[in-house]
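To start, the structure under review is shown below, and the notes come after it.
Residue numbering restarts at 1 for every chain, and letters A, B, ... go by the order of the sequence lines. Please read these numbers as outputs of a predicted model, since none were measured by experiment.
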Number of protein chains: 2
Amino acid sequence: MMDAKKVTALLRKKGFKVTPQRLAIYNALCNTKAHPNAEMLFNKLQPYYPTMSLATIYKTIDILREIGLIQVINVGEDSLRYDATVELHPHIRCTVCNRVDDIMDFDFSPAIKNVAEKTSYDLSGQQFYFYGVCPECQAKMSKKIS
Amino acid sequence: MMDAKKVTALLRKKGFKVTPQRLAIYNALCNTKAHPNAEMLFNKLQPYYPTMSLATIYKTIDILREIGLIQVINVGEDSLRYDATVELHPHIRCTVCNRVDDIMDFDFSPAIKNVAEKTSYDLSGQQFYFYGVCPECQAKMSKKIS
DNA sequence: AGTTTGTTGATAATAACTATTAATTAAAAA
DNA sequence: TTTTTAATTAATAGTTATTATCAACAAACT
Ligand SMILES: [Mn+2]
Ligand SMILES: [Mn+2]
Ligand SMILES: [Zn+2]
Ligand SMILES: [Zn+2]
């Protein structure tokens with residue numbers, strides 16, 4: 001999570017131009033916990049940047065990922081989601097409403113140690129995805145039954 | 001992993017017809033550890049079933065998944081992979097050659113317990129993916145350097 | 001301000017997967 | 001075994017997320 005000044009500096013340093021679209025897309029990602037996909041970002045920014053196209057979203061996302069400002073989340077849907085928190089952390093998706101939440105302060109080290117013992121791969125990263133029913137959907141379901 | 005007889009019985013029981021294509025696709029998945037995607041399966045079966053189309057592969061895979069004979073693996077590529085081992089187990093993908101290997105005998109329970117404490121979701125499953133460089137690619141890389 | 005060069009946004013292309021449908025075939029009924 | 005019925009195959013068309021192309025444009029450097 002960087003402020004606009006730092007993002008500006010980083011983009012320039014990496015040889016990319018600083019445009020309002022790029023700042024807006026990064027800013028939108030910093031100000032949500034919803035892990036939006038490209039279309040959700042597009043819809044969110046539409047009122048403020050009515051001429052911006054989806055192609056710009058995709059290209060900006062690729063640049064932000066390349067310079068380490070965001071990470072890509074693949075929770076097994078038909079589209080990818082994006083996250084301005086770049087530290088690796090597990091995610092959980094509601095199998096009813098498809099919302100995606102963070103699981104923070106998860107200690108990967110026991111799992112990594114476990115895997116390092118079992119494989120001769122040179123490990124470089126991991127992604128953990130959990131599935132379940134979110135509190136809101138649990139509430140709705142118990143209402144329907146009664 | 002079921003033999004042809006059991007697969008036949010299960011398909012019939014679930015109301016699906018037993019066809020050579022279906023048995024061949026399941027059999028191909030049982031006899032590989034490569035976690036093939038649809039195209040890899042198609043190419044493998046092409047010599048034996050030259051008229052079989054990709055659509056048949058996809059539909060069969062969907063049926064096999066529905067009746068619990070296979071699972072779908074999403075290791076963050078642009079296509080899905082399939083696995084005749086239905087017990088949940090982590091996978092590791094080589095970031096150089098993209099091969100996908102199993103990690104067996106991994107104990108999920110500490111991680112699940114950890115997550116259950118941190119979230120108010122009603123947990124139902126999980127997928128763990130690891131990334132790294134496989135032994136073969138490590139060997140190739142050390143050769144190149146010397 | 002003028003020049004250079006990367007960027008935007010409209011559009012076309014790609015690729016994995018899904019839907020449609022006529023011909024075929026498995027399996028139940030006779 | 002033959003007939004009947006309904007599911008399946010395979011060819012083909014459709015869908016959708018993502019990527020490529022390119023002319024107009026704007027950021028950065030002088
Ligand atoms: Mn997150
Ligand atoms: Mn596996
Ligand atoms: Zn939910
Ligand atoms: Zn490799």
Please state how far atom [atom1] in [X] lies from atom [atom2] in [N], giving the value in whole angstrom units.
| X | N | atom1 | atom2 | answer |
| --- | --- | --- | --- | --- |
| B:Arg22 | C:dT25 | CZ | C1' | 12 Å |
| A:Lys14 | C:dG6 | NZ | C1' | 18 Å |
| A:Asp62 | C:dG6 | CG | P | 17 Å |

What are the residues of residues 37-58 of chain A, sorted by number, that bring a heavy atom to within less than 4.0 Å of DNA chain D?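 Of all residues in residues 37-58 of chain A, the ones placing a heavy atom under 4.0 Å from DNA chain D are A:Ala55, A:Tyr58.
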
Which of residues 70-86 of chain B sit near DNA chain D, with a heavy atom under 4.0 Å from it?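 Result for residues 70-86 of chain B: none.
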
I'd like to know if A:Leu69 and A:Leu80 are part of one continuous hydrophobic network [Ile/Leu/Val/Met/Phe/Trp/Tyr, side-chain heavy atoms within less than 4.5 Å].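 Shared cluster, yes.
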
Within one Ile-Leu-Val-Met-Phe-Trp-Tyr cluster: A:Ile61 and A:Leu11, side-chain cutoff 4.5 Å: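 As far as the 4.5 Å side-chain criterion goes, A:Leu11 and A:Ile61 are connected within one cluster.
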
Should B:Gln21 be listed as having a side-chain N or O under 4.0 Å from OP1 or OP2 of C:dT25?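 No, B:Gln21 has no side-chain N/O under 4.0 Å of OP1/OP2 on C:dT25.
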
Testing the 3.5 Å rule here: is there a donor-acceptor pair between the side chains of [X] and [Y]?
| X | Y | result |
| --- | --- | --- |
| B:His35 | B:Asp101 | no |
| B:Asp83 | B:His91 | yes |
| A:Asp107 | B:Asn114 | no |

Just by protein heavy atoms under 4.0 Å, how would nucleotides 22-30 of chain D read 5' to 3' in B, S and -? ----BBS--

Charged N-O contact under 4.0 Å between B:Glu136 and B:Arg99: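 Salt bridge flag = yes for B:Arg99 with B:Glu136.
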
Answer yes when B:Lys59 and B:Asp62 have at least one side-chain N-carboxylate O distance shorter than 4.0 Å, and no when they do not.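 No.
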
Please state whether the rings of A:Tyr129 and B:Tyr129 are parallel, tilted or perpendicular, taking 30° and 60° as the class boundaries.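 The rings of A:Tyr129 and B:Tyr129 sit tilted, inter-plane angle from 30° to 60°.
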
A:Tyr58-A:Tyr82 aromatic ring centre distance below 6.0 Å: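 Not close enough - the centres of the two rings lie 6.0 Å or further apart.
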
Is the gap between the ring centers of A:Phe128 and B:Phe130 under 6.0 Å?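 Yes, ring centres under 6.0 Å apart.
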
